Amino acid sequence: MLIKPAISVKGSISLPGDKSISHRAAMIASIAEGDSLIENFSDGEDCASTLRCLRQLGLEIEQIGNKVTVHGVGKTGFGKPSAPLDCGNSGTTMRLLAGLLAGQKFDSVLTGDESLRERPMNRIIEPLRKMGANITSENGRAPLAIGAVDGLQAVEHESPVASAQVKSCILLAGMLAEGQTVVRESVTTRDHTERMLQGFGADIRSAVLNSKTITTISGTSTLTARDVRVPADISAAAFFLIGAACLPGSDLFISDVGINPTRRAILKLLDGCGVDIEITDDRRSLDEPYANVRVKGGELARSPILEGARVAEMIDEIPILAILGTQIEGGLEVRSAKELRVKETDRIAAIVENLRRMKADVEEFDDGFRVGGSQLFGAEIDSFGDHRIVMAFTIAGLLAKGETNINNAECADISFPRFFETLESVVQR
Ligand code: S3P
């Protein structure tokens, strides 16, 4: 994909449904009793992987455009799949489905593409085994073979890694466990699973105690079908918000963006950098808040500091924040972000390598990187097969001198199939 520099971005766009919420809506509707209509379901490949796996488990799911109807079968209504369940590139599909399958009375196998088969799974295998699950894997990587069991026992789990996928896996397994399953987090991660389960009627509650978020779910919970409208994905919005913020004269309006408190840190960060950002018409769907966001381009005044809990709040935004950092005089430093090394690719290495190719001043750390305020120059960019690397460096290409070329740019389809068309509709050259 060839990217030419831009002067500004102007206009109004709508974005795909939130990827995290779409996965959860489909999975939770599957184990509910009755029919759920999900509107604005993400059209990315990751969420298609979730629907494909659910169909292999016997679910009847109809899809017309972005409207998905799931005919729920209840907690124990899945059928034994006749082949391994292919989660494609999607870590959320694999880790959350593992939670749902761990307590079933049939065998199943979860697998995925080359990238997903490299990602760490012990973080879910170990707690699921403590619950009585029968899971085997080589070296803690997929494929995961999940054996039939006669029920699970509730556990109390404190995850050593800040991960919503791990938390969600255990909470979903807790739906099939005897007793009250408890997950403790010292760094609060996205809470879409908790909100969605509660919306479908589960007996689940969260509280903060001694600065830990403690979530408890009862294995006796049953779920009832609900209709859900998925807000636009704030992590997809981030590319456009930062593109607009960095190009003076820009004026961009994005409708119905999810602003869940565990996801909206990026808006506060931009505000803190002096970006003119306006949030209006705050509404809710099944306890997920969303609003319209308008951003104008101008001077970027202050450098953000990113470490500790703030990293978990913006974990998927780090690639595009690296690009923002090049446009601020004082640059940007990201630390405590080792998790980035086990995403769809090693995102620290991918960011550093590509920023160097664009002649930015950048330093790599084991747990992050530092980028100085830099003029970017067009270059050959390696996507590393990672959708967020593609989208971040496309925005970098708009800000650079000269042309930028990105290989394998079609992997943007993992979360955002119309990314390039949407961008072209607002870019001014
Ligand atoms: C996600 C959680 C995050 C995030 C991923 C989606 C989710 O991963 O990076 O894109 O939907 O729960 P971790 O929970 O592994 O940090």
Side-chain angles (χ1 to χ4, degrees), residues 16-28 41-42 44-47 49-50 87-100 112 115-116 118-125 127 140-142 157 159-172 183 185-197 213 215 230-231 233-239 258 260 262-263 265-266 288 308-321 334 336-348 350-351 367 386-392 411-412 414-416:
D18 187 274
K19 185 158 84 74
S20 292
I21 299 176
S22 296
H23 284 299
R24 288 155 171 83
M27 290 188 202
I28 291 170
F41 189 82
S42 164
E45 283 174 11
D46 270 5
C47 293
S49 292
T50 287
C87 304
N89 192 244
S90 177
T92 308
T93 306
M94 181 167 288
R95 296 194 177 114
L96 272 58
L97 267 187
L100 284 182
S115 148
L116 187 52
E118 282 298 310
R119 297 180 66 185
M121 293 296 152
N122 275 338
R123 53 183 64 191
I124 57 161
I125 295 173
R141 306 270 185 271
H157 181 73
S159 181
V161 279
S163 166
Q165 293 181 358
V166 173
K167 171 177 64 175
S168 302
C169 168
I170 297 163
L171 293 176
L172 291 172
V183 181
E185 298 185 284
S186 35
V187 173
T188 307
T189 60
R190 63 190 69 188
D191 65 357
H192 304 302
T193 304
E194 296 88 308
R195 286 172 190 251
M196 186 78 58
L197 281 170
T213 303
T215 305
V230 181
D233 197 324
I234 190 165
S235 299
F239 300 104
N260 176 308
T262 60
R263 295 282 299 284
I266 176 73
E288 284 288 354
R310 299 197 68 211
V311 169
E313 290 174 7
M314 286 179 269
I315 193 73
D316 290 338
E317 281 70 80
I318 308 282
I320 187 62
L321 285 172
V334 176
S336 336
K338 226 172 167 178
E339 271 297 296
L340 289 175
R341 296 211 181 264
V342 292
K343 292 291 173 188
E344 286 82 331
T345 187
D346 175 343
R347 284 190 177 154
I348 295 177
I351 289 167
D367 67 341
D386 184 319
H387 56 128
R388 298 200 200 277
I389 296 296
V390 168
M391 294 188 274
C411 68
I414 288 291
S415 61
F416 196 164

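Note that ligands are numbered from 1 as they come in the structure, with each ligand's atoms numbered from 1 the same way. In this text, all values refer to a predicted model and were calculated from it rather than measured experimentally.
Contact shell of ligand 1 (protein heavy atoms, cutoff 4.0 Å): S20, R24, T92, R95, A162, S163, A164, Q165, R190, I315, D316, K343.
Taking a cutoff of 4.0 Å between a charged side-chain nitrogen and a carboxylate oxygen, R263 and E288 do not qualify as a salt bridge.
A donor-acceptor contact under 3.5 angstrom links the side chains of T193 and S168, judged on distance only. T92 and Q165 share a side-chain donor-acceptor pair at under 3.5 Å. Side chains of S49 and S90: no donor on one and acceptor on the other come within 3.5 Å.
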Task: M94 vs L116, side chain to side chain contact (heavy atoms under 4.5 Å, CB included): CA-CA, chis, key distance, verdict - done: CA-CA 9 Å; M94 181 167 288; L116 187 52; 3.8 Å; yes
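Applying the salt bridge (charged side-chain N to carboxylate O under 4.0 Å, His left out) rule to D316 yields the partners R190, R347, R388; only residues at least two apart in sequence or on another chain are considered.
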